[in-house]
Amino acid sequence: MTSPPRTESELLARAGALSGLTLSQIAETYRVTVPDNLLTRKGWVGELIERCLGADAGTRPEPDFRQLGIELKTLPLDRDGRVRESTFVCTASLINGPGTRWENSLVRRKLDTVLWIPVEADRERPLAGRRVGNPFLWRPSPAQWRILEQDWNSIMDLVLTGRLGEISANRGRYLQMRPKAASGRSLCEAIDADGNRIRTLPRGFYLRARFTSELLKQAYL
DNA sequence: ATCTGATCATCT
DNA sequence: AGATGATCAGAT
């Protein structure tokens with residue numbers, strides 16, 4: 001197991017060393033077998049990169065590199081270098097609590113600093129041969145923070161006033177809320193319009209691919 | 001081609 | 001149950 005990086009520059013150096021390598025080259029180092037596809041191993045690439053870089057948050061609701069407060073995200077790109085998928089940020093608490101104010105929210109903490117690792121994700125290309133790209137560090141600009149906060153507040157307002165039915169993935173400019181569950185039968189706690197506890201589908205926050213595409217573009221200007 | 005809703009694996 | 005890592009796949 002790789003030890004956690006002590007400094008941001010150490011982390012960036014480690015990430016930079018991966019760029020240009022294929023997933024099989026990286027997996028070899030860790031004696032890990034590359035699956036044939038991601039159908040039943042959807043998080044495999046992210047988990048591999050985490051191990052390489054020494055992420056230590058495990059399953060805790062915290063940034064991956066706890067000491068540095070940095071979150072790690074892979075960014076899947078198609079053959080033309082376009083972002084293929086939205087980016088999961090965190091699960092959302094649907095009942096009132098300490099994390100239901102923007103200032104204390106998990107979204108804010110996780111997006112404070114993000115290390116993005118572009119990875120080839122063209123379905124036609126075998127997983128083992130897909131290459132890792134140049135990492136880039138992102139801290140939201142004041143303007144980006146404002147929109148993220150607006151998105152978060154408008155969605156969470158619906159959540160906390162029991163209007164879950166009005167939430168769909170088309171709300172939010174940068175952030176959206178979508179199901180995040182093992183299946184459609186998964187349930188978690190929420191509240192209805194009268195404040196009663198109900199059971200509903202678990203949801204998570206995601207960054208739109210449109211938005212992360214802009215981050216990628218800016219990073220390489 | 002893009003977007004939304006649904007789903008898969010693993011760990012505590 | 002609920003957190004982590006995400007991508008799948010049908011609809012638009």
Side-chain angles (χ1 to χ4, degrees), chain A residues 1 23 26-27 30 32-66 70-95 97-100 105-107 109-111 114-127 130 132 151 155 159 164-190 197-214:
Chain A
M1 190 60 116
L23 294 178
I26 295 171
Y30 296 88
V32 172
T33 304
V34 182
D36 288 338
N37 57 62
L38 297 175
L39 282 172
T40 60
R41 299 299 308 275
K42 294 181 180 178
W44 186 81
V45 177
E47 289 159 3
L48 177 68
I49 304 296
E50 274 192 337
R51 294 175 56 164
C52 290
L53 300 181
D56 63 346
T59 180
R60 299 173 185 83
E62 300 172 30
D64 292 293
F65 302 96
R66 291 185 290 167
I70 297 177
E71 176 69 13
L72 174 69
K73 290 294 178 196
T74 55
L75 196 57
L77 306 183
D78 70 14
R79 70 176 74 191
D80 301 315
R82 289 178 301 217
V83 176
R84 282 199 73 244
E85 296 285 349
S86 55
T87 300
F88 172 70
V89 179
C90 58
T91 54
S93 172
L94 305 181
I95 53 177
T100 47
S105 69
L106 200 45
V107 170
R109 279 200 296 149
K110 290 217 172 194
L111 298 187
V114 180
L115 177 63
W116 294 98
I117 314 270
V119 180
E120 288 182 328
D122 178 358
R123 277 182 159 101
E124 304 304 307
R125 181 183 290 275
L127 189 55
R130 296 183 191 175
V132 172
D151 288 345
I155 294 167
V159 168
L164 286 165
E166 295 178 38
I167 297 174
S168 80
N170 58 51
R171 290 190 186 272
R173 282 214 270 166
Y174 296 167
L175 263 185
Q176 59 182 177
M177 178 172 274
R178 307 216 306 271
K180 170 60 170 170
S183 82
R185 286 91 71 196
S186 303
L187 292 172
C188 71
E189 296 276 348
R197 295 171 89 85
I198 57 166
R199 308 279 285 165
T200 190
L201 190 61
R203 324 292 168 97
F205 283 106
Y206 296 77
L207 291 176
R208 293 183 179 282
R210 248 183 311 181
F211 179 54
T212 57
S213 297
E214 290 305 311

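In what follows, every heavy atom counts, from backbone to side chain, and hydrogens, waters and symmetry copies are set aside. By convention in this document, chain letters (A, B, ...) are assigned in the order of the sequence lines, proteins followed by strands, and residues within each chain are numbered from 1.
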(Q) Mind checking if Gly46(A) touches a base, just sugar-phosphate, or nothing, with heavy atoms under 4.0 Å? (A) sugar-phosphate

Q. Looking only at side-chain N and O atoms, does Arg210(A) come under 4.0 Å of OP1 or OP2 in dC3(B)?
A. yes

(Q) Of the listed nucleotides (dC3(B), dT2(B), dC8(B)), which one gets closest to any side-chain atom of Arg208(A)? (A) dC3(B)

Q: Starting at atom CD of Glu50(A), determine the distance to atom P of dA6(C), rounded to an integer number of angstrom.
A: 6 Å

Q. OP1 or OP2 of dC11(B) sitting under 4.0 Å from any side-chain N/O of Arg60(A)?
A. no

Q | Selection from dA6(C), dG5(B), dG5(C) that lies nearest to any side-chain heavy atom of Pro179(A) | A | dG5(B)

Q) Start at the 5' end of DNA chain B and walk down; is the nucleotide closest to Ser168(A) or to Asp80(A) reached first? A) Asp80(A)

Q | Distance, rounded to the nearest Å, where Phe65(A) contributes CZ and dG5(C) contributes P | A | 10 Å

Q: Give one of base, sugar-phosphate or nothing for Thr87(A), where a contact means two heavy atoms less than 4.0 Å apart.
A: nothing

Q | Euclidean distance, Arg199(A) CZ relative to Glu189(A) CD, rounded to 0.5 Å | A | 5.0 Å

Q. For the side chain of Asp64(A) and the backbone of Glu50(A), is there at least one donor-acceptor N/O pair under 3.5 Å apart?
A. no

Q. Taking CG from Leu106(A) and C1' from dG2(C), how many angstroms apart are they, rounded to a whole number?
A. 12 Å

Q. If you check the Arg199(A) side chain, which of dA1(C), dT7(B), dG5(C) turns out closest?
A. dA1(C)

Q) What integer distance in Å separates Tyr206(A):OH from dA3(C):P? A) 13 Å

Q: Report yes or no: does Arg208(A) contribute a side-chain atom to a donor-acceptor pair with the main-chain N or O of Gly172(A) at less than 3.5 Å?
A: yes

Q. Atom CD of Glu124(A) to atom P of dC8(C): distance rounded to whole Å?
A. 12 Å

**Q.** Nucleotide dT2(B), atom P - distance to CG of Asp78(A) in whole Å
**A.** 8 Å

(Q) Rounded to whole Å, please give me the gap between CG in Leu75(A) and C1' in dG5(C). (A) 15 Å

(Q) If the cut-off is 4.0 Å, is Lys73(A) near the phosphate of dA6(C), judged by side-chain N/O to OP1 or OP2? (A) yes

Q. Closest to the Arg84(A) side chain: dC3(B), dC8(C), dA6(C)?
A. dC8(C)

Q. With a 4.0 Å cut-off on heavy atoms, is Thr74(A) in touch with a base, just the backbone sugar-phosphate, or nothing at all?
A. sugar-phosphate

Q) For dT4(B), does OP1 or OP2 lie under 4.0 Å from any side-chain N or O of Gln176(A)? A) yes

Q.
Need to verify one output field. Residue with the more 5' nearest nucleotide on DNA chain C, Glu85(A) or Glu62(A)?
A. Glu62(A)

(Q) So, does Arg203(A) get its side chain near the phosphate of dG5(B), meaning an N or O under 4.0 Å from OP1 or OP2? (A) no

Q. When all nucleic acid strands are considered with a 4.0 Å heavy-atom cut-off, which category describes Pro202(A): base, sugar-phosphate, or nothing?
A. nothing

Q. Does a distance-only test, which skips hydrogens and angles, find a donor-acceptor pair under 3.5 Å between the side chain of Lys180(A) and the base of dT7(B)?
A. no

Q: For the pair Arg130(A) (side chain) and Asp122(A) (backbone), establish whether a donor and an acceptor sit closer than 3.5 Å, ignoring hydrogens and angles.
A: yes

Q) Is the closest side-chain heavy-atom distance between Val159(A) and Leu164(A) below 4.5 Å? A) yes

(Q) It should be established whether Lys110(A) places a side-chain nitrogen or oxygen under 4.0 Å from OP1 or OP2 of nucleotide dT4(C). (A) yes

Q: Using atom CG of Leu207(A) as one end and atom C1' of dA6(C) as the other, report the distance to the nearest whole Å.
A: 13 Å

Q: Kindly say if Arg171(A) contacts the phosphate of dT4(B), meaning a side-chain N or O under 4.0 Å from OP1 or OP2.
A: no

Q) More 5' along DNA chain B: Asn170(A) or Ala181(A), using each one's nearest nucleotide? A) Asn170(A)

Q. For dC3(B), does OP1 or OP2 lie under 4.0 Å from any side-chain N or O of Arg178(A)?
A. no

**Q.** Asp78(A) versus Asp80(A), closest heavy-atom pair with distance
**A.** OD1-N, 2.8 Å

Q | Side-chain ion pair, Arg79(A) and Glu124(A), N-O less than 4.0 Å | A | no

Q. Given that Leu39(A) and Leu187(A) both sit by DNA chain C, which one's nearest nucleotide is further toward the 5' end?
A. Leu187(A)

Q: Tell me whether the OP1 or OP2 atom of dA3(C) has a side-chain N or O from Thr91(A) closer than 4.0 Å.
A: yes

(Q) It should be established whether Thr59(A) places a side-chain nitrogen or oxygen under 4.0 Å from OP1 or OP2 of nucleotide dG2(C). (A) no

